[in-house]
Amino acid sequence: MKELFDKKQAYSKEDIAAIEYSQLKGIMGVRTVEAVEAAMTYANYLNSIGITSSNYPIFLKVLGVRNHHVIDSLLGTRDPFLFLSSIQPNYFIVATCFSFLAKYHPAEIYSKTLGIILGVFQATYSNPLDGYKIYPPTIADVNSLGKHLIEEKGQDDLLNRSILDVLDKLSELEGQNIDEEMEDLAVHAHNIRNNFFDSTKRLVDVIPNVLLKTEPNLDLEINPRKNGSLSDNAKPQARPTPAAKPEEEKPAATKKK
């Protein structure tokens with residue numbers, strides 16, 4: 001029995017790192033008010049240190065959080081379209097951005113998050129062939145992009161226009177005579193763009209209907225407490241300063257007769 005009490009639990013650095021990561025995942029799940037506020041604080045910290053070529057994967061991780069308060073904290077006053085402009089586009093960044101578009105339903109994604117993603121695509125495919133070499137989109141990727149067009153808003157909407165511009169760049173890959181997949185991609189991008197502009201056609205004619213369906217039963221976004229501050233009940237209470245004791249009156253001296 002003595003041996004059982006003598007044993008001590010040992011934790012390696014890897015064990016501790018796994019625990020820390022598990023806690024951070026809980027924060028980024030933003031399922032409670034406390035988690036939202038913690039995620040906002042973490043995003044504020046990232047905003048203060050700035051994005052670099054060595055830390056950008058962490059910024060992408062936070063970008064995937066489904067809470068606009070957290071995204072606002074990450075962005076600060078920066079233009080969403082230029083948020084990742086200091087980082088050279090690469091396969092990981094572009095693939096991650098397409099994965100974000102795939103997991104969101106139409107009209108569900110936060111406008112600033114979509115702006116950040118479109119800024120990455122604009123930089124990547126400004127030269128379509130060079131962009132294709134960085135990350136060759138699939139038909140599914142282009143559908144994930146096109147499904148976020150909001151037909152009711154028209155082409156004058158900033159986000160719609162930006163999506164249409166990216167589709168236009170991808171359509172320029174047609175006729176390169178490099179491979180059949182590139183040709184199919186370019187034609188599909190052109191068809192989505194054309195169906196948006198043609199009043200006699202709809203996106204559903206070129207994008208699978210299942211992708212265009214909105215989700216009416218989404219979980220409500222959790223808001224932080226006012227100004228992200230602690231509630232009155234959670235605020236630490238200041239200990240009252242004890243009142244100074246009144247000085248005891250000294251007995252008056254009696255004059256000697």
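These figures come from a predicted structure and were not determined experimentally.
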- Message: Can you tell me how far apart CD1 (Ile109) and CD1 (Ile116) are? Round to the nearest 0.5 Å.
- Response: 9.5 Å

- Cluster check Tyr21, Leu46: I/L/V/M/F/W/Y, side chain < 4.5 angstrom: no

- Query: Hey, what do you get for CG (Asn67) to CZ (Arg31), rounding to the nearest 0.5 Å?
  - Reply: 12.0 Å

- Between CG of Leu173 and OH of Tyr125, what distance do you get to the nearest 0.5 Å? 9.0 Å

- Verify same cluster id: Ile117, Leu158 (apolar side-chain graph, 4.5 Å): yes

- Within 6.0 angstrom of Phe197 CZ, more than 12 heavy atoms from elsewhere: yes

- Message: Checking Phe92 against Leu60 for the side-chain contact (heavy atoms from CB on, under 4.5 Å) test, could you report, in this order, the C-alpha distance in whole Å, the side-chain angles of both residues, the deciding distance, and whether it holds?
- Response: CA-CA 10 Å; Phe92 177 77; Leu60 290 177; 3.7 Å; yes

- Does a donor on one side chain sit under 3.5 Å from an acceptor on the other, for Asp141 and Ser144? no

- Message: Donor-acceptor check, side chain of Glu181 to backbone of Ile139, threshold 3.5 angstrom: yes or no?
- Response: no

- Message: Starting from Leu167, can I reach Val187 by hopping between I/L/V/M/F/W/Y residues whose side chains sit under 4.5 Å apart?
- Response: no

- Task: Step by step, work out the side-chain contact (heavy atoms from CB on, under 4.5 Å) result for Ile192 and Phe196.
- Result: CA-CA 6 Å; Ile192 293 176; Phe196 182 85; 5.9 Å; no

- Message: Do Val210 and Ile150 land in one hydrophobic cluster if side-chain heavy atoms of ILVMFWY residues count as linked below 4.5 Å?
- Response: no

- Message: Looking at Lys103, I want to see if its NZ is surrounded by more than 12 non-hydrogen atoms of other residues, nucleotides or ligands under 6.0 Å.
- Response: yes

- Message: Just by distance, no angles: are the side chains of Ser162 and Asp165 close enough, under 3.5 Å, to form a donor-acceptor pair?
- Response: no

- Taken to the nearest 0.5 Å, the spacing of Glu14 CD from Ile19 CD1 works out to 12.0 Å

- Message: Within the structure provided, determine whether Tyr42 and Val62 are in side-chain contact (heavy-atom separation under 4.5 Å).
- Response: yes

- Smallest separation among heavy atoms of Ala186 and Glu174, with atom names: CB-N, 3.2 Å

- Query: Just how far is it from atom CD1 of Ile71 to atom CZ of Phe83, taken to the nearest 0.5 Å?
  - Reply: 8.5 Å

- Please check if the side chain of Asn209 supplies one atom and the backbone of Val204 the other of a donor-acceptor pair under 3.5 Å. no

- Item | Nearest atoms (heavy-atom pairs only) where Lys153 meets Asp157 | CD-OD1, 3.8 Å

- Examine distances only and state if a side-chain atom of Asp15 and a backbone atom of Ser12 form a donor-acceptor pair shorter than 3.5 Å. yes

- Message: A quick test of your reading: do over 12 heavy atoms of other residues, nucleotides or ligands sit less than 6.0 Å from CZ of Arg202?
- Response: no

- Contact check, side chains of Gln176 and Met182, non-hydrogen atoms, under 4.5 Å: yes

- Closest non-hydrogen contact found for Leu164 with Arg193 is O-NE, 3.1 Å

- Message: For a quick test of reading the model, state the closest non-hydrogen atom pair linking Ile134 to Tyr91 and the distance between them.
- Response: O-CD1, 3.5 Å

- Message: Taking atom CD as the centre, does Glu221 end up with more than 12 heavy-atom neighbours from other residues, nucleotides or ligands that are less than 6.0 angstrom away?
- Response: yes

- Mind running side-chain contact (heavy atoms from CB on, under 4.5 Å) on Leu149 and Ile207 for me, showing each step along the way? CA-CA 11 Å; Leu149 286 165; Ile207 297 176; over 6 Å; no

- Task: State, with a plain yes or no, whether a side-chain heavy atom of Asp179 is found less than 4.5 Å away from one of Tyr132.
- Result: yes

- Validation row, ring centre Phe98 to ring centre Phe121 under 6.0 Å: yes

- Task: Decide side-chain contact (heavy atoms from CB on, under 4.5 Å) for Val30 and Arg66; before the verdict, give the C-alpha distance in whole Å, the side-chain angles of both, and the deciding distance to 0.1 Å.
- Result: CA-CA 8 Å; Val30 291; Arg66 294 180 183 232; 5.5 Å; no

- Query: Can any side-chain N or O of His148 pair as donor or acceptor with the backbone N or O of Leu101 at less than 3.5 Å?
  - Reply: yes

- Heavy-atom distance under 4.5 Å between the side chains of Val36 and Asn223, does that happen here? no

- Note on the structure: So CZ of Phe59 and CG of Asn47: to nearest 0.5 Å the spacing works out to 7.5 Å

- Minimum heavy-atom distance Tyr104-Val65, with the two atoms named: OH-O, 4.0 Å

- Are Leu82 and Ile49 in one and the same hydrophobic cluster, where Ile, Leu, Val, Met, Phe, Trp and Tyr link if side-chain heavy atoms are under 4.5 Å apart? no

- Is Lys147 reaching over with its side chain to a backbone N or O of Pro208, donor-acceptor style, under 3.5 angstrom? no

- Does Glu37 reach the side chain of Arg225, with side-chain heavy atoms less than 4.5 Å apart? yes

- Query: Do the side chains of Leu212 and Glu151 get nearer than 4.5 Å, heavy atoms only?
  - Reply: no

- Query: Nearest heavy-atom pair of Gly154 and Asn160: which atoms, and what distance?
  - Reply: O-ND2, 2.8 Å

